[in-house]
Undergrad: 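Below is the structure I would like to discuss, written out as structure tokens.
Every chain is numbered from 1 and lettered A, B, ... according to where its sequence line falls, protein lines coming before strand lines.
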Amino acid sequence: MGENPRKGDALEGPTLEGSNVARMNANVSEDIQAEQQHSTEQDLRQHRLDKLARIRARGEEPYKYLFTRSHTIGAARAAFEAAEASATAEEHPGVAAALAGRMTAFRRQGKSSFADLRDESGRIQIFFNQKQLGEDAYEALKDLDLGDFLGIHGNVRRTRTGEITIFADRYEILTKTLRALPEKWHGLKDVETRYRQRYLDLAANPEVMDVFRKRIQVVSVMREFLTGHGYLEVETPMLHPIPGGATARPFVTHHNTYDRDLYLRIAPELYLKRLIVGGFDKVFEINRSFRNEGVDTRHNPEFTMMELYEAYQDYLGLMDETEEMLCTIIERVTGGTIFEHHGRTIDIQRPWRRLPLFEAIRTYAGIDLEATRDREEAAKRARDAGVDVDATMGYGKIVDEVMSAKVQPHLVQPTFLYDYPIEISPLAKRKRDNPQLTERFQPFIGGYELGNAFSELNDPLDQRDRFLQQVKLREAGDDEAQYLDEDYITALEVGMPPAAGLGIGIDRLAMLVTNTTSIREVIFFPQLR
RNA sequence: GAACGGGUAGCUCAGUCGGUAGAGCAUCGGACUUUUAAUCCGGUGGUCAUGGGUUCGAUCCCCAUCCCGUUCACCA
């Protein structure tokens, strides 16, 4: 943790104020009067501890075990509106309700008070009145603090100003809170606190909750889509003896009993294809992969990927399915076929543009990398196009680099690039009429690379050659090159039917539909230092 | 890993051309029986990220460190 005490650490000291000793102290309210009026963070907390003790001193449990709600807040509002709609002008309908939530505002008005109550479904105003509650209960409102969880029994009606409000007959404290929520008007802005203490972010910033709801919906619509199309959801290992399925550096961990190193998976690909070998026709998995690489607005060390494999399918058929699936998800989550991202309007109307990779490079980079397979010539052309090329890059890497730098930023409207060079696609099948290319595509939206797909290489001999190519790269110092996985080749020798596979980056898709530009905004607890 | 920007009250932010800091909200006390960023009156609250240095004096200048952000590198 280093020398720097993080925000919030200041209050970690031992506190016995909540102990039985303090609970028994019935004179705490006098102590409060006598106490100096401070408001450091410690003192703010002490005030709440004193209130807690007072609540206990009068025999009330400040951490209740159960509260039976009649409605969520949203449901109570809906129920009231329904009653109102069917009532005549003279009637003043009310809906009896028991609601629970966090108190997020309190406006004392002498012998009446207003508060705001929030639960997951929304916000409602509470009206407290001395006459209705009785003097003692009304007085005890002083022991409430912003952030406390309350249960309210009362009637939902409109106030004179027209606001739907629960008129409290009685209330109970469900959870006494010891720390304040961030400020009500500006919310919590400090990004470090927002990410490290996401609970504060969620509690203080309703729009953050909306972002995560959309992310959750992306996953559930995707799951629904795939299940509805006959895919079976499976789970394969996250601890891999040999990292495989992607070009990336893995995290290493260690198993004690076996006394061997294992790797957190960089992709589920090779295991999922083993299932196709075993006889499953359509499988998918939605889960985390881990890559031990840089962190930026598009990369978190652990990220969520969906991978699917379909037997007897090729990449062109899968391109159609991908388009359909992504349209379904985006339309359901954003509510239409047109949405905004990063100040740009994106239209997902089908059919999407489909562009061979090399044609895209000719169009956007103004160079032809297809006509030459020569590494030096390709490097020269890339430099002519203004792309940095270093000595370690092979031909495939140069193509990839030019694509990322010159093509990808233009792919704002949904686009499939397809037919990638064989050098950077060691698990993809060769294009049927051009052995230098593979049957591979990637969907791009909003300039984001959303996924990767191909006709799966199922020729075990070719696969071994491709792995050996990777091993050569590894021996030459490329620590992202793939490992040779003997068992995987054995599986292919047992025989994998023709198949196509797809991987989709869930986090990036979530960024798109939530109009956010940092991956950390769509991951509850992003990795920080 | 590099460059640039940032770290001031519980939260959101001002500010100090070097003389140990302010506001709003929150909080505490008071007034108020229909408010909703309630209002009004009166208070409390700060190792100005951390450690050194320069200086009569540092929150401010210098150096180092930590953390965050952006861009780049690497990658999905």
Undergrad: Whom does B:rU59 pair with, Watson-Crick or G-U wobble, provided both distances fall under 3.5 Å?
TA: none

Undergrad: Does B:rU35 have a Watson-Crick or wobble partner in any strand here, with both distances under 3.5 angstrom, and which is it?
TA: none

Undergrad: Can you check whether A:Leu99 reaches A:Thr72 side chain to side chain, under 4.5 Å on heavy atoms?
TA: no

Undergrad: For nucleotides B:rG24 and B:rA38, find the distance between their C1' atoms and express it as a whole number of Å.
TA: 15 Å

Undergrad: What about A:Asp43, does its side chain sit under 3.5 Å from the base of B:rC28 through a donor-acceptor pair?
TA: no

Undergrad: Is B:rA26 paired to anything, Watson-Crick or G-U wobble with both distances less than 3.5 Å, and if yes, which nucleotide?
TA: none

Undergrad: Ring centres of A:Phe128 and A:Tyr138 under 6.0 Å apart?
TA: no

Undergrad: B:rU34, B:rU33, B:rA73: which one has an atom nearest the side-chain heavy atoms of A:Phe167?
TA: B:rU34

Undergrad: Of the options B:rC28, B:rG46, B:rC74, whose atoms approach the side-chain atoms of A:Arg249 most closely?
TA: B:rC74

Undergrad: Checking contacts here: which listed nucleotide (B:rU34, B:rC74, B:rG10) is nearest the side-chain heavy atoms of A:Leu44?
TA: B:rG10

Undergrad: Go through B:rA26, B:rC28, B:rC11 for me and flag the one nearest to the A:Ala180 side chain.
TA: B:rA26

Undergrad: Is A:Thr161 side chain donor-acceptor paired with the B:rU35 base, going by distance under 3.5 Å alone?
TA: yes

Undergrad: Closest approach to the side chain of A:Glu480, judged atom by atom: which nucleotide of B:rC74, B:rC25, B:rU33 is it?
TA: B:rC74

Undergrad: Looking at B:rG24 and A:Trp185: do their rings stack (centroid distance under 5.5 Å, interplanar angle under 30°)?
TA: no

Undergrad: Does a side-chain N-to-carboxylate-O contact under 4.0 Å join A:Glu84 and A:Arg158?
TA: yes

Undergrad: Taking only the P atom of each, what is the distance from B:rG53 to B:rC41 in whole angstrom?
TA: 48 Å

Undergrad: Of all the heavy-atom pairs spanning A:Ile55 and A:Pro62, show the shortest one and how long it is.
TA: CG2-CB, 4.0 Å

Undergrad: In whole Å, what separates the P atom of B:rC28 from that of B:rC61?
TA: 38 Å

Undergrad: Expressed in whole Å, how much space separates the P atoms belonging to B:rG5 and B:rA64?
TA: 14 Å

Undergrad: Verify the distance criterion only: is there a donor paired with an acceptor across the side chains of A:Asp190 and A:Tyr195 at less than 3.5 Å?
TA: no

Undergrad: Under 4.0 Å, heavy atoms only, any strand: does A:Phe106 hit a base, just the sugar-phosphate, or nothing?
TA: nothing

Undergrad: Compare the minimum distances between each of B:rU12, B:rU35, B:rU70 and the side chain of A:Arg107, then state the nucleotide with the smallest one.
TA: B:rU35

Undergrad: List the steps and the verdict of ring-ring contact (aromatic ring centres under 6.0 Å, His included) for A:His240 and A:Tyr263.
TA: CA-CA 5 Å; A:His240 289 188; A:Tyr263 302 88; 9.0 Å; no

Undergrad: Counting heavy atoms from C-beta on, name the nucleotide in B:rC11, B:rU36, B:rC13 closest to the side chain of A:Lys189.
TA: B:rC13

Undergrad: Does any nucleotide pair with B:rA21 by Watson-Crick or G-U wobble geometry, both distances under 3.5 Å, and what is it?
TA: none

Undergrad: Ignoring the backbone of A:Arg196, work out which of B:rU27, B:rA38, B:rC67 is nearest its side chain.
TA: B:rC67

Undergrad: From C-beta outward on A:Val191, which listed nucleotide comes closest to its side chain: B:rU34, B:rC68, B:rU70?
TA: B:rC68

Undergrad: May I ask which nucleotide in the shown strands pairs with B:rC66, Watson-Crick or G-U wobble, both distances under 3.5 Å?
TA: B:rG7

Undergrad: More 5' along RNA chain B: A:Gln130 or A:Val295, using each one's nearest nucleotide?
TA: A:Gln130

Undergrad: Over all strands shown, is A:Asp296 touching base, sugar-phosphate only, or nothing at heavy-atom distances under 4.0 angstrom?
TA: base

Undergrad: Rounding to an integer number of angstrom, what distance separates B:rA23 and B:rA14 when you compare their C1' atoms?
TA: 7 Å

Undergrad: Heavy atoms only: give me the nearest A:Phe454-A:Ala428 pair and the separation to one decimal.
TA: CG-CB, 3.4 Å

Undergrad: Between the side-chain atoms of A:Glu163 and the base atoms of B:rU35, is any donor-acceptor pair under 3.5 Å?
TA: no

Undergrad: When the C1' atoms of B:rC4 and B:rA73 are compared, how many Å lie between them, rounded to an integer?
TA: 15 Å

Undergrad: When you compare B:rC13 with B:rG6, how far apart are their P atoms, in angstrom units rounded to a whole number?
TA: 15 Å

Undergrad: With nearest nucleotide decided by heavy atoms, which residue, A:Gly110 or A:His186, maps closer to the 5′ end of RNA chain B?
TA: A:His186

Undergrad: Should the side chain of A:Gln109 and the base of B:rA38 be counted as holding a donor-acceptor pair, with the cut-off at 3.5 Å?
TA: yes

Undergrad: Would you say the side chain of A:Thr159 and the base of B:rU36 hold a donor-acceptor pair, judged only by whether the two atoms sit under 3.5 Å apart?
TA: no

Undergrad: Provide the distance between the two C1' atoms, one in B:rG19 and one in B:rG57, to the nearest whole Å.
TA: 7 Å

Undergrad: Picking from B:rU35, B:rC11, B:rU33, which would you name as closest to the side chain of A:Glu183?
TA: B:rC11

Undergrad: What is the base-pairing partner of B:rC72, counting Watson-Crick and G-U wobble geometry with both distances under 3.5 Å?
TA: B:rG1

